[in-house]
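Have a look at the structure below before the remarks.
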Amino acid sequence: MKTLDTVIEEYRNKMFLIAKEDGLNSHRTLIASQHLDELLNIKMAESKAISKPKENH
């Protein structure tokens, strides 16, 4: 199974290729960028959940 970091890196490379083929302002580049943002938001949420200190009750 691929790690989230690997998936993000692969998708980043895919987005760069799309931008190179279609241009930075193309619809496909925009969609790829939005999907990459979603993956990065998931990664950030996971990082916050891991690093958040537990409260003692």
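What you see below is based on every heavy atom in this structure, not just the backbone, and it leaves out hydrogens, waters and symmetry mates.
Sorted by first then second residue, the salt bridge (Lys or Arg N to Asp or Glu O under 4.0 Å) pairs that include residues 32-42, not counting sequence neighbours, number zero.
Hydrophobic cluster membership for M44: none, as no Ile, Leu, Val, Met, Phe, Trp or Tyr side chain comes under 4.5 Å of it. Connectivity analysis of hydrophobic side chains (ILVMFWY, heavy atoms under 4.5 Å, direct or indirect) links L24 to nothing; its cluster partners are none.
Taking the side-chain hydrogen bond (donor to acceptor under 3.5 Å, both in side chains) definition, one finds that S26 meets it with T29, sequence neighbours left out. Partners of E46 under the side-chain hydrogen bond (donor to acceptor under 3.5 Å, both in side chains) rule, at least two apart in sequence or in another chain, do not exist in this structure. By the side chain to side chain contact (heavy atoms under 4.5 Å, CB included) test, D5 is found to be paired with T3, K43, residues two or more places apart in sequence or in another chain being considered. In this view, K48 satisfies the side-chain hydrogen bond (donor to acceptor under 3.5 Å, both in side chains) rule with no residue, not counting sequence neighbours. In this view, E9 and R12, N13 satisfy the side chain to side chain contact (heavy atoms under 4.5 Å, CB included) rule, not counting sequence neighbours.
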Residues 15-23 side chain polar contacts: donor-acceptor under 3.5 Å, at least two apart:
residue: E21; atom: OE1; partner: R28; partner atom: NH2; Å: 3.2
residue: D22; atom: OD2; partner: R28; partner atom: NE; Å: 2.5
residue: D22; atom: OD2; partner: R28; partner atom: NH2; Å: 3.4

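Distance check, rounded to the nearest 0.5 Å: NE2 of H35 to CG of L30 gives 9.5 Å.
Minimum heavy-atom separation, Y11 to L39: CB-CD1, 4.0 Å.
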